[in-house]
Structure formats: structure tokens, C-alpha cells
Protein chains: 2
Amino acid sequence: MNMEDTQADNAGDSTVSDNGPSTKPELDLNQFLPYRLNSLADRISQALAQLYEERYQLNIAQWRVLAWLSHCDELTAKKVCAYTNMDKARVSRAIQALEDRGLISRTPSPRDQRLHDLHLTPAGQALLAELIPAAQAWEAELVATLTAGEYRDLLNVMRKLERQLERIGDKG
Amino acid sequence: MNMEDTQADNAGDSTVSDNGPSTKPELDLNQFLPYRLNSLADRISQALAQLYEERYQLNIAQWRVLAWLSHCDELTAKKVCAYTNMDKARVSRAIQALEDRGLISRTPSPRDQRLHDLHLTPAGQALLAELIPAAQAWEAELVATLTAGEYRDLLNVMRKLERQLERIGDKG
DNA sequence: CGAGCATAGTTGCTCTTGAAACTATATGTC
DNA sequence: GACATATAGTTTCAAGAGCAACTATGCTCG
């Protein structure tokens with residue numbers, strides 16, 4: 001069942017190295033980290049998104065805004081952009097939708113009228129009180145097959161990759 | 001430098017835990033695997049996409065088709081869908097674009113007229129001969145900070161997650 | 001053989017997204 | 001205080017993505 005996407009024609013791959021010097025280079029996407037990572041992340045993201053969407057009519061952007069609000073209980077659109085790496089237009093729309101639904105409030109900051117302080121409304125808090133445990137339970141199930149060590153190592157390696165990514169991005 | 005997205009305002013967050021028993025649950029997205037994974041994969045994907053796009057005017061879908069063609073030198077749209085998990089419309093358009101550019105050829109299969117066999121043209125092979133090493137070099141740089149063990153473990157853990165994901169998905 | 005169903009691939013339509021233009025507020029300089 | 005510049009956020013616009021309807025071919029079973 002789950003072999004379908006990894007099996008492909010890897011079986012025949014051993015023919016690669018004997019093609020002489022000007023051989024066409026091959027790329028096995030299943031061995032190519034960017035592809036594999038993206039594919040995995042995509043599936044996870046989509047599966048979770050279904051949970052947000054079906055049960056709470058939230059898209060990913062909206063969910064992220066709420067999640068951030070759940071632990072920085074004051075926030076601005078700008079900060080959300082910085083934290084989540086999402087486009088400001090996307091954030092703006094997510095905020096608007098959440099406000100329209102009465103899940104968050106949005107008030108101009110007294111200090112600087114350009115900024116808008118975001119807060120969870122009681123309705124928003126109630127929704128999160130349901131959604132966050134559900135999301136955490138889902139995640140727990142996802143990582144259930146990993147040992148504690150594997151999990152820790154995974155996060156570690158991810159952090160390394162993030163750091164390296166920035167280094168590469170900076171110069172290239 | 002790279003601390004920007006993990007730092008956030010976690011500093012002030014310690015005020016959360018004193019909210020009593022019915023306290024709002026928190027979710028730190030930076031500790032939430034689906035988010036972290038997606039965020040990382042997104043950045044990697046975008047960085048690489050830039051390479052395809054700027055230097056070769058290929059989008060991700062097109063690149064994936066080419067990459068698969070690089071080592072299954074006969075292929076159909078259907079297979080590409082299966083291997084890459086992309087929508088068939090997306091694949092269809094990618095194939096069309098590649099054909100228009102003369103990078104691949106597309107001929108109805110003699111066995112079954114519904115299927116179209118895809119092949120790299122010489123131009124396509126030439127492009128890949130440049131692009132694949134570039135992509136691999138980029139990947140090598142990305143994973144340069146990982147030990148061989150870490151790299152292997154990462155792929156292993158990813159495979160576990162993929163499998164678990166399907167198990168979860170199956171039951172709904 | 002022919003009717004109904006399945007499959008490969010394409011096209012139309014809508015929604016989302018991101019870039020860029022725009023608005024409104026703030027800051028800095030003279 | 002007035003003008004130039006920066007910043008937060010919104011809106012506009014065009015491109016991309018996915019769903020669903022469609023076309024064309026093949027398969028199955030009476």
C-alpha cells in the first residue's frame with residue numbers, strides 16, 4: 001500500500017554508474033532530500049488542514065494566526081508575518097476572516113495607529129480550547145512510532161538544516 | 001541571525017501558566033512538528049525553485065517531470081501523478097509546457113492510445129545535464145552540516161512518518 | 001458485438017496566493 | 001511646520017492549483 005510511491009523504479013537504478021563519462025545524470029527524487037521533505041510536509045500539512053477545515057472552517061493561515069495568539073496574547077499582523085514567514089496579504093486576509101467570525105478582535109494600537117493589536121475573543125479562546133488538544137493529539141499519533149531519541153534528533157537535524165539554509169540563502 | 005523565528009516573544013510567555021485550571025491551552029508552533037516541518041520544507045522548496053525558475057524557467061511541477069524522466073526514461077502522465085502526488089491537471093500542464101519548449105516528446109503509446117509515452121529530447125537531456133548536478137550540489141551544500149548518520153537517520157525517520165501518516169489517513 | 005463502466009489525459013472554472021500598488025500613519029530633517 | 005522617507009496593513013491584479021466536467025480510448029460481461 002504505502003510502497004507505491006517509494007518503489008517506483010528504484011529497482012533498475014543500479015544501472016546508473018556504468019554509463020560512461022558523458023552519461024546523462026540521473027536524479028532519483030526519492031533520494032533527493034528537498035523533494036522528500038517537501039512531499040512529506042505537504043501530506044502532513046494537508047492531513048492536518050483537513051482537520052482545521054472540516055471541523056472548524058479554518059484554513060492554514062487562520063489557524064497559524066490563532067495558534068500564535070494562543071501564546072502571545074498580544075500580537076500584530078507584522079509579527080505574525082515575521083513568525084510564520086507568511087506573506088502580509090495572506091496574513092491580512094486571515095485576520096480579516098477571523099475578525100469577521102468574531103474569533104479575534106483587532107484594535108488600533110494607542111501607541112501607533114498603524115499597528116493593530118490582535119486579541120482572542122472568548123469565542124476564539126473557546127475554539128482553541130477544542131482545537132489545540134485535537135491538533136496535539138493528531139501530532140502525537142503521527143510521531144507515535146518514533147522513539148523519544150528519534151524525535152529529538154529529528155528536531156535537531158531540522159534546526160541544523162534551517163541554519164544551513166539561511167547560510168546558503170545569504171550568499172546565493 | 002537565524003534566531004529571529006524561534007525567539008518571538010517566548011520571553012514574555014511565562015505569564016501564561018497562572019491562569020487557573022480552565023486555562024487556555026497553548027500551542028507553540030515552533031515546537032509543533034507539522035508546522036516546523038512544513039516551514040522548513042517550504043523554505044527549501046522555495047530556494048530550490050528559484051534555481052529552477054531563474055536559471056531554467058522551470059516551475060516545480062515541470063522540474064519534477066523532468067527529474068522522473070531522467071531515470072525512468074519512459075513514463076506516462078499517470079505515473080508522474082502517482083510518483084509525485086501531484087494533481088493530474090498540474091501534471092498535464094507541466095507536460096504541455098515541456099513539450100512546447102521541446103524538452104520532452106509525447107507520443108501515444110502503441111499499446112494503449114490513451115497513454116502517452118514521454119521521453120526526453122536531446123534538448124531536455126542537455127538541460128538536465130546542467131540542472132541535475134546543480135541541484136545535487138545545492139542539496140549537498142544544504143546537508144553539508146549533517147553527518148552521514150544524521151542524514152541516514154533523517155531519511156529513516158521520514159520514512160516512518162510517511163508510513164504512519166498513511167495509517168492515520170486510512171482510518172480517517 | 002454492444003452497453004456500461006473504467007481509465008488517461010485535457011479543459012473550464014473558481015479560489016488562493018503573492019507581488020506590487022496603494023492608503024494611512026509615523027518619523028526625521030531642514 | 002512642511003517635505004521626504006519609512007512602516008503597517010489593505011487592495012488590486014495576474015498566475016497557479018485543484019476540483020470537476022469532459023473527451024477519447026479501452027475493457028468486461030451479457
Side-chain angles (χ1 to χ4, degrees), chain A residues 4 38-39 41-43 45-50 52-54 57-65 68-69 72 74-100 104-119, chain B residues 4 38-39 41-43 45-50 52-54 57-65 68-69 72 74-100 104-119:
Chain A
E4 284 193 1
N38 198 59
S39 169
D42 247 33
R43 287 176 206 215
S45 205
Q46 251 179 297
L48 248 188
Q50 216 170 337
Y52 312 144
E53 185 69 50
E54 284 180 1
Q57 285 75 55
L58 294 173
N59 65 28
I60 291 182
Q62 292 161 8
W63 153 249
R64 284 182 185 167
V65 171
W68 274 102
L69 272 171
C72 328
E74 184 163 312
L75 205 57
T76 64
K78 180 72 189 306
K79 284 184 185 173
V80 174
C81 289
Y83 299 163
T84 64
N85 218 34
M86 293 192 294
D87 186 85
K88 61 184 182 163
R90 193 177 174 196
V91 170
S92 173
R93 287 164 187 139
I95 287 173
Q96 210 162 4
L98 293 172
E99 196 189 11
D100 289 349
I104 66 176
S105 66
R106 190 176 132 287
T107 54
S109 161
R111 295 269 160 212
D112 181 339
Q113 298 287 126
R114 292 171 306 180
L115 281 64
H116 297 265
D117 290 332
L118 305 175
H119 288 279
Chain B
E4 284 195 2
N38 198 59
S39 169
D42 248 32
R43 289 176 205 214
S45 205
Q46 251 179 296
L48 248 188
Q50 216 171 336
Y52 312 144
E53 184 70 51
E54 284 179 0
Q57 285 76 54
L58 294 173
N59 65 27
I60 292 183
Q62 291 161 8
W63 153 249
R64 285 182 184 165
V65 172
W68 275 103
L69 272 172
C72 330
E74 184 163 311
L75 205 57
T76 64
K78 180 71 189 308
K79 283 184 185 172
V80 175
C81 290
Y83 299 163
T84 65
N85 219 34
M86 293 192 292
D87 186 85
K88 60 185 183 162
R90 194 178 173 195
V91 170
S92 174
R93 287 166 186 139
I95 287 172
Q96 213 161 3
L98 293 172
E99 198 190 8
D100 289 350
I104 66 176
S105 66
R106 189 177 132 286
T107 54
S109 161
R111 297 267 160 212
D112 181 339
Q113 298 286 125
R114 293 171 306 177
L115 281 65
H116 297 264
D117 290 333
L118 305 176
H119 288 278

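Chain letters run A, B, ... following the sequence lines, proteins first, then strands; residues in each count from 1. The structure presented is a predicted model; accordingly, all values stated were derived computationally and were not measured.
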OP1 or OP2 of C/dG9 under 4.0 Å from side-chain N/O of B/Q113:
no
Base C/dT27 to side chain A/R111, donor-acceptor N/O within 3.5 Å cut-off:
no
Given C/dG9, is OP1 or OP2 found less than 4.0 Å from the side-chain N or O atoms of B/R114?
no
On the nucleotide D/dT10, are OP1 or OP2 found under 4.0 Å from the side-chain N or O atoms that A/S92 carries?
yes
OP1 or OP2 of D/dG18 versus the side-chain N and O atoms of A/Q46: is any pair under 4.0 Å?
no
With a 3.5 Å cut-off and no angle check, do the side chains of B/W63 and B/Y52 form a donor-acceptor pair?
yes
So for B/R106 and C/dG9, does any side-chain atom that can act as donor or acceptor lie under 3.5 Å from a complementary atom in the base?
no
Determine the contact category for B/K78: base if any of its heavy atoms lies under 4.0 Å from a base atom, sugar-phosphate if only primed atoms, P, OP1 or OP2 are that close, otherwise nothing.
sugar-phosphate
Is A/A77 touching bases, backbone alone, or none of the nucleic acid, heavy atoms closer than 4.0 Å?
sugar-phosphate
B/M86 has an atom CE; how far is it from atom C1' of C/dG9, in whole Å?
14 Å
At less than 3.5 Å, do the side-chain atoms of B/R93 and the base atoms of D/dG18 form a donor-acceptor pair?
yes
Take atom NZ of B/K88 and atom P of D/dG18, then tell me their distance rounded to the nearest Å.
13 Å
Select from A/A89 and B/I95 the residue whose nearest nucleotide in DNA chain C is closer to the 5' end of that strand.
B/I95
Judged by nearest nucleotide, the residue sitting upstream toward the 5' end of DNA chain C, B/D117 or A/R90, is B/D117
